[in-house]
Protein chains: 2
Amino acid sequence: MALEHALLVALTERSGSGYELARRFDKSIGFFHGATHQQIYRTLRRMEDAGWVEGRPVPQDGRPDKKLYTPSSAGRDELARWIAEPTEPGQLRNELAVKIRAAAHGDRDALVADVRRHRDAHVERLGIYHAIEARDFPVPTELDGTDLHQYLVLRGGIRVEAGFVEWCDEVLAALTAAPTRTAAPHTEGSSS
Amino acid sequence: MALEHALLVALTERSGSGYELARRFDKSIGFFHGATHQQIYRTLRRMEDAGWVEGRPVPQDGRPDKKLYTPSSAGRDELARWIAEPTEPGQLRNELAVKIRAAAHGDRDALVADVRRHRDAHVERLGIYHAIEARDFPVPTELDGTDLHQYLVLRGGIRVEAGFVEWCDEVLAALTAAPTRTAAPHTEGSSS
DNA sequence: GGTTTCATGTAACTAGTTACATGATTTA
DNA sequence: TAAATCATGTAACTAGTTACATGAAACC
């Protein structure tokens with residue numbers, strides 16, 4: 001499981017509560033490993049039981065106590081162990097791809113609309129990533145340490161999102177240019 | 001859930017047993033939605049309970065009976081309904097990205113070796129996809145119907161894999177060219 | 001006075017993984 | 001004779017999702 005290790009990385013960079021980690025995940029590691037707050041709370045408790053992190057309750061005025069987690073030396077060892085261990089490339093999952101495969105068995109116009117929605121979503125994400133790149137890493141050749149690693153992950157996000165946009169464009173071009181000859185063209189409301 | 005729909009697509013194209021579907025998944029839809037045989041068997045039974053498919057036991061000589069599944073009209077309706085429904089772009093998951101973020105807290109050489117392994121794996125997959133493209137789709141402009149949809153999904157696979165290879169190259173160039181200044185360079189066996 | 005933020009939690013669920021079992025048949 | 005293929009299954013587990021609850025504070 002990588003969530004534990006993703007949390008260890010985040011906590012090594014800065015201690016935090018479950019709530020704070022859920023926030024931080026939304027805008028960095030979360031690009032490549034999302035997690036809901038419930039998952040994070042549960043995993044942090046498991047990690048505490050395993051002795052990888054120490055949770056210290058911090059009373060607060062006006063608002064509920066928070067539990068501040070800090071990695072233990074066992075946690076830091078575990079993180080180093082995991083980094084040294086080879087990772088499996090892992091399975092891609094893409095529902096849109098399954099849908100495109102299914103296109104012959106349903107409403108093609110609806111599919112085209114959905115591909116457009118995906119294209120828009122990827123364009124938006126790409127814009128966010130480019131904005132982060134321009135703001136935080138204007139001179140990438142001088143980067144170093146954690147800054148460099150953050151930048152490289154961001155570059156991965158940019159490549160993946162740009163790739164999806166190009167793929168959506170290719171799919172749209174193919175699906176809108178050549179009407180499928182298996183169904184009658186220009187026919188609205190196909191009856192089964 | 002998309003596995004049910006992925007199975008419906010596969011069964012609409014050709015009826016098959018759970019075992020056969022597990023095989024087929026390895027080399028087409030499975031590129032974008034892998035599944036183990038247990039998952040497939042379980043899902044097929046659930047789909048049969050829901051009336052989306054009909055399973056007919058087929059006795060065989062010498063080997064165990066197989067159960068041949070065929071989509072029902074309710075299943076075909078469900079597939080059409082699902083295609084018309086918008087899909088969420090969904091979360092990326094990439095363990096290697098988490099590892100790169102973690103690179104400052106572990107053995108950098110081991111990470112570089114792991115990125116190389118990933119690069120090799122993606123190059124290999126890309127080679128497989130290119131081979132399929134050249135063999136099955138030599139003239140993409142003349143494609144049509146299910147053939148076109150298969151081709152478009154394959155194109156997505158090619159773009160994604162090529163993107164990963166380029167990303168790995170970028171990461172390797174950055175991690176091997178500039179030794180991290182946070183740790184002493186040329187030092188073997190970093191003590192904590 | 002209604003929404004958003006902070007902060008954590010329980011409970012019930014769906015999805016996916018790993019290990020193991022059966023037993024005949026074909027291939028090396 | 002050992003391994004792989006065909007074909008399906010049970011059982012136990014880990015991972016992830018969805019819905020709901022609590023309660024004060026700050027913001028509009």
Side-chain angles (χ1 to χ4, degrees), chain A residues 1-7 11 15-27 29-30 32-50 52-53 55-69 82 87-95 98, chain B residues 1-7 11 15-27 29-30 32-50 52-53 55-69 82 87-95 98:
Chain A
M1 221 261 275
L3 180 57
E4 279 139 345
H5 301 105
L7 289 170
L11 289 174
S15 301
S17 67
Y19 188 84
E20 283 162 3
L21 286 166
R23 286 284 118 131
R24 273 202 256 164
F25 256 54
D26 284 345
K27 50 186 75 167
I29 294 177
F32 279 108
H33 197 122
T36 60
H37 66 118
Q38 289 85 348
Q39 230 182 309
I40 288 174
Y41 285 129
R42 203 150 18 103
T43 305
L44 283 171
R45 246 177 294 142
R46 211 192 314 136
M47 287 164 75
E48 198 180 7
D49 292 345
W52 293 356
V53 293
R56 197 177 82 252
V58 176
Q60 290 188 304
D61 53 323
R63 50 192 55 168
D65 287 10
K66 67 176 172 183
K67 207 166 167 187
L68 200 73
Y69 289 95
W82 174 71
T87 313
E88 285 315 303
Q91 172 69 42
L92 286 174
R93 277 279 156 99
N94 192 297
E95 216 175 331
V98 178
Chain B
M1 219 259 275
L3 180 57
E4 279 139 346
H5 301 105
L7 290 171
L11 289 175
S15 302
S17 68
Y19 188 85
E20 282 162 4
L21 285 165
R23 285 286 118 126
R24 275 203 256 163
F25 256 53
D26 285 346
K27 51 186 75 165
I29 294 178
F32 279 109
H33 196 122
T36 59
H37 68 117
Q38 290 84 350
Q39 230 183 308
I40 289 173
Y41 286 130
R42 206 152 15 104
T43 305
L44 283 172
R45 247 177 293 143
R46 212 194 312 137
M47 288 164 74
E48 197 180 7
D49 292 345
W52 293 356
V53 293
R56 196 178 82 253
V58 176
Q60 290 188 303
D61 53 323
R63 49 194 54 168
D65 286 11
K66 67 177 172 182
K67 209 168 167 186
L68 200 73
Y69 289 95
W82 175 71
T87 314
E88 286 315 304
Q91 170 70 45
L92 285 174
R93 277 277 158 97
N94 192 297
E95 216 175 329
V98 178

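What you are looking at is a predicted structure, and each value in this text was computed from that prediction instead of being measured. In what follows, chains are A, B, ... by sequence order, proteins preceding strands, each numbered from 1.
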B:R23 side-chain N/O to D:dA7 phosphate OP1/OP2 under 4.0 Å: no
What bend angle does the helix from C:dG1-D:dC28 to C:dA28-D:dT1 show across its length, from five-pair end axes and to the nearest 10 degrees? 40°
Given D:dA15, D:dG9, C:dT8, the nucleotide with the shortest approach to the side chain of A:R46: D:dA15
Which atom pairs, one a donor and one an acceptor, fall under 3.5 Å between side chains of residues 38-45 of chain B and the rest of the protein, sequence neighbours left out?
{"residue": "B:T43", "atom": "OG1", "partner": "B:Q39", "partner atom": "O", "Å": "2.7"}

Return the orientation label for the B:H5 and B:W82 ring planes: parallel under 30°, perpendicular over 60°, tilted otherwise. parallel
Assign B:S17 to base, sugar-phosphate, or nothing according to its heavy-atom contacts below 4.0 angstrom with the strands shown. sugar-phosphate
Quick check on C:dT8: is either OP1 or OP2 less than 4.0 Å from any side-chain nitrogen or oxygen of A:Y41? yes
Under the criterion side chain to side chain contact (heavy atoms under 4.5 Å, CB included), which of B:W52, B:Y69, B:F25 is the partner of B:L7? B:F25
Can you tell me the distance, in whole Å, between the CD atom of B:E95 and the P atom of C:dT17? 13 Å
A:R93 atom CZ is separated from C:dT17 atom P, nearest whole Å, by 6 Å
Can you see if the side chain of A:R42 gets near the phosphate of C:dA11 - specifically, an N or O under 4.0 Å from OP1 or OP2? no
Rounding to a whole Å, what distance do you find between B:L7:CG and C:dA15:P? 12 Å
Rounded to whole Å, please give me the gap between NE2 in B:H37 and C1' in D:dT10. 11 Å
Using whole Å, what does the distance between atom C1' of nucleotide D:dT10 and atom CD of B:Q39 come to? 16 Å
Send over the distance from A:E4 CD to D:dT14 C1', rounded to a whole Å. 10 Å
If you assign each of A:Q38 and A:L3 to its closest nucleotide in DNA chain D, which residue comes earlier from the 5' end? A:L3
To the nearest Å, give me how far apart CZ (A:R56) and P (C:dA7) are. 14 Å
Side chain of A:R45 (C-beta onward), nearest among C:dG9, C:dT17, D:dT8: C:dG9
